[in-house]
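Working notes, beginning with the structure itself.
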Amino acid sequence: EIKYRHDNKENKEIDEDGYVKKREGESQKMFSQRLKEIYEEMSNEELMDRYKNFQDYRDEAKTVILEELRKKSLWKRRR
């Protein structure tokens, strides 16, 4: 599932955590298209900030997952 945190907290289409809500009856494809349109409206600076934050999140998540895999002996560190 795709999630997108909207900067406009007064937007009626966001949930209590600030994420854009999928509309009733909206397919995943339609929802993805709507999110794409939101990104297209962002300035270059906003878009780059979003990308950097996503990269940081992804890198942190990868580290946590690898640590858990190692604890369970499912992944060995490559040298």
Salt-bridge present (Glu40, Lys36; N to O < 4.0 Å): yes
Contact list for residues 53-66, test salt bridge (charged side-chain N to carboxylate O under 4.0 Å, His left out), sequence neighbours left out: Lys52-Asp56
Residues that Glu41 engages under side chain to side chain contact (heavy atoms under 4.5 Å, CB included), provided they are two or more places apart: none
For the student: nearest non-hydrogen atoms of Lys22 and Gln28, plus distance: NZ-OE1, 3.2 Å
Rounded distance [0.5 Å steps], CG in Asn53 versus CE in Met48: 11.0 Å
Residues that Lys72 engages under side chain to side chain contact (heavy atoms under 4.5 Å, CB included), provided they are two or more places apart: Glu68, Leu74
Shortest non-hydrogen contact from Phe31 toward Glu26: CD1-OE1, 3.5 Å
Any Tyr51 side-chain heavy atom under 4.5 Å of Leu47 side chain: no
Gln55 CD: over 12 foreign heavy atoms closer than 6.0 Å: yes
